[in-house]
Number of protein chains: 2
Amino acid sequence: MGFLLAQLGRAATRGYRCALMPIGVKPRETAALMRLQDGPLSQQELGTALDMDPSNLVALLNDLEARGFAVRSRDPQDRRRHLVGMTDQGRAALDEVVAAAADVDDEFFSALTQEERELLHELLVKIGESTEIPPPVEVAEAEDGC
Amino acid sequence: MGFLLAQLGRAATRGYRCALMPIGVKPRETAALMRLQDGPLSQQELGTALDMDPSNLVALLNDLEARGFAVRSRDPQDRRRHLVGMTDQGRAALDEVVAAAADVDDEFFSALTQEERELLHELLVKIGESTEIPPPVEVAEAEDGC
DNA sequence: TATTGTTATACTCTATAACTATA
DNA sequence: TATAGTTATAGAGTATAACAATA
């Protein structure tokens, strides 16, 4: 079943990329901004929340910061950390972007009723929680590496 | 919601890659073999079934064919077409691979009950059908490009 | 010594256009 | 002319290791 999940996920991402291109924001950047909505995160936290390696997050944040959508500031508590927050400009962009993404979702999940969509959402969140993906502040040790 | 779908899809793929590596088969190759189970397909058909561009399918099939898991043969009806079928060796490999993939699924969806998994599967299939992904023999014209 | 962010690099995936052979 | 497969290539995404600054 994971194959189906992956395939649909790719298709959804393609839809996002298509719809977000005119706005000039990538799907991943959108996901990052959405994560930052609820307050600043360290890059580690953001990385685990987005399920991407911190090293790969650097370029993405450089881009967001260059365009004035996000800001990095050193955490006074632990000067190793960068607290990533979003700017007002970022918030404004996010509004626009979220609207476009909602349209994509609307078409992508058009085969499902509203109830089914909510149900699907619940199921996905449940999986995400079990694989410690969505909850931002929570670090898991993989140990497996693989 | 598509972002969540995409993220979980990536995580699932990573799990597959991890579990399939020792067997020497990639997630996409596994998906391809599964598609070929029910009979030969043209590369176009296989491409749409896997939601990947036919041009990118070439290398994948070269690999499968080199290892004796699949065979390409010209369609006598239309000599432009390659009918892609799987060999007995491919079938044997698939058995092994499917078992490993099932283990991955089992862990990945461990947060869901059996009922919930079936429900999720139904919902995903429904989405897939609406975006003309899963049904192998069915071509859609995008027109959008994008 | 361990952790955060960074850099660099290699590898895979994806997208696109152009080519060939057949129709 | 249009289609199936192929080739080549550029771009995006991903994984890994090593490094500097800080703890």
Side-chain angles (χ1 to χ4, degrees), chain A residues 3 6-7 9-18 20-21 25-32 40-48 50-65 70-84 139 141-142 144-146, chain B residues 3 6-7 9-18 20-21 25-32 40-65 70-84 137 139 141-142 144-146:
Chain A
F3 291 109
Q7 191 160 330
R10 277 195 307 273
T13 299
R14 197 178 328 129
Y16 288 138
R17 180 172 302 114
C18 187
L20 298 177
M21 185 183 306
V25 182
K26 297 179 188 178
R28 261 300 170 68
E29 295 172 339
T30 303
L41 293 176
S42 79
Q43 295 188 197
Q44 291 280 345
E45 288 166 340
L46 186 55
T48 62
L50 295 174
D51 189 31
M52 65 186 290
D53 194 283
S55 69
N56 297 323
L57 196 59
V58 174
L60 188 151
L61 288 179
N62 288 345
D63 235 52
L64 286 181
E65 205 169 18
V71 279
R72 281 185 268 213
S73 59
R74 287 212 172 274
D75 182 351
Q77 310 297 319
D78 182 344
R79 289 183 43 75
R80 290 174 302 183
R81 288 189 176 173
H82 284 173
L83 288 179
V84 185
V139 185
E141 34 239 82
D144 194 350
C146 190
Chain B
F3 291 109
Q7 191 160 330
R10 277 195 308 273
T13 299
R14 195 175 333 126
Y16 287 139
R17 179 172 304 115
C18 188
L20 298 177
M21 186 183 305
V25 182
K26 297 179 188 177
R28 263 297 172 69
E29 295 172 340
T30 303
L41 293 176
S42 78
Q43 294 189 197
Q44 292 280 345
E45 288 166 340
L46 185 56
T48 62
L50 295 174
D51 189 32
M52 65 188 290
D53 194 282
S55 69
N56 295 324
L57 196 58
V58 174
L60 189 150
L61 288 178
N62 288 345
D63 235 52
L64 286 181
E65 205 170 18
V71 279
R72 281 185 269 215
S73 58
R74 287 212 172 274
D75 181 352
Q77 311 297 319
D78 183 341
R79 289 183 43 75
R80 289 174 302 182
R81 288 188 176 174
H82 285 172
L83 290 179
V84 185
V137 191
V139 185
E141 36 239 79
D144 195 349
C146 196

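To find a chain, count down the sequence lines: A is the first, B the second, and so on, and within it residues start at 1. What you see is a predicted model; the values in this text were computed from it and never measured.
The nearest heavy atom of DNA chain C to A/H82 and to A/N56 marks one nucleotide each, and the one closer to the 5' end goes with A/H82. Residue order along DNA chain C, read from the 5' end via each residue's closest nucleotide, puts A/V84 first among B/R80 and A/V84.
Side-chain proximity of A/R81 to D/dA4, C/dG5, D/dT7: nearest is C/dG5. With D/dA15, C/dG5, C/dT22 as the choices, the nucleotide that has an atom nearest any side-chain atom of B/R14 turns out to be D/dA15. Comparing C/dG5, D/dT7, D/dG5 by their closest approach to the side chain of B/S42 singles out D/dG5. The side chain of B/S55 sits closest to D/dT6 out of D/dG13, D/dT6, D/dG5.
If you measure from atom CD of A/Q44 to atom C1' of C/dA2, you get 12 Å, rounded to the nearest angstrom. The CD atom of A/Q77 sits 22 Å away from the P atom of D/dA21 (whole-angstrom rounding). Going from atom CG of A/D78 over to atom C1' of C/dA2 covers 11 Å, rounded to whole Å. Rounding to whole angstrom units, CG of residue B/L57 and P of D/dT3 are separated by 19 Å. Between the P atom of C/dT12 and the CZ atom of B/R17 lies a distance of 9 Å, rounded to the nearest Å. One can place CG of B/D53 at 17 Å from P of D/dA10, the figure rounded to the nearest angstrom. Protein atom CZ of B/R74 is 18 Å distant from nucleotide atom P of D/dT3, rounded to whole Å. In this structure, the NZ atom of B/K26 is 11 Å from the P atom of C/dT14, given to the nearest Å.
Listed pair A/R72 / C/dT6 meets the phosphate criterion, a side-chain N or O lying under 4.0 Å from OP1 or OP2. Contact between the side-chain N/O atoms of B/R10 and the OP1/OP2 oxygens of D/dT14 is found at a separation under 4.0 Å. At D/dT14, one or more side-chain N or O atoms of A/R28 fall inside 4.0 Å of OP1 or OP2 (strictly under the cut-off). Dashed line: the shortest gap from a side-chain N or O of B/Q43 to OP1 or OP2 of D/dA4 is not under 4.0 Å.
Distance alone, capped at 3.5 Å, is enough to place a donor-acceptor pair between the A/E65 side chain and the A/R72 backbone. Between the side chain of A/Q7 and the backbone N or O of B/A49, at least one donor-acceptor pair lies under 3.5 Å.
Remark: B/D75 CG to B/Q43 CD distance equals 12.0 Å, nearest 0.5 Å.
Side-chain contact between A/R74 and A/R81: absent, with no pair of heavy atoms (C-beta onward) separated by less than 4.5 Å.
Under 4.0 Å is where a charged nitrogen must lie from a carboxylate oxygen, and between A/D63 and A/K26 no such pair does.
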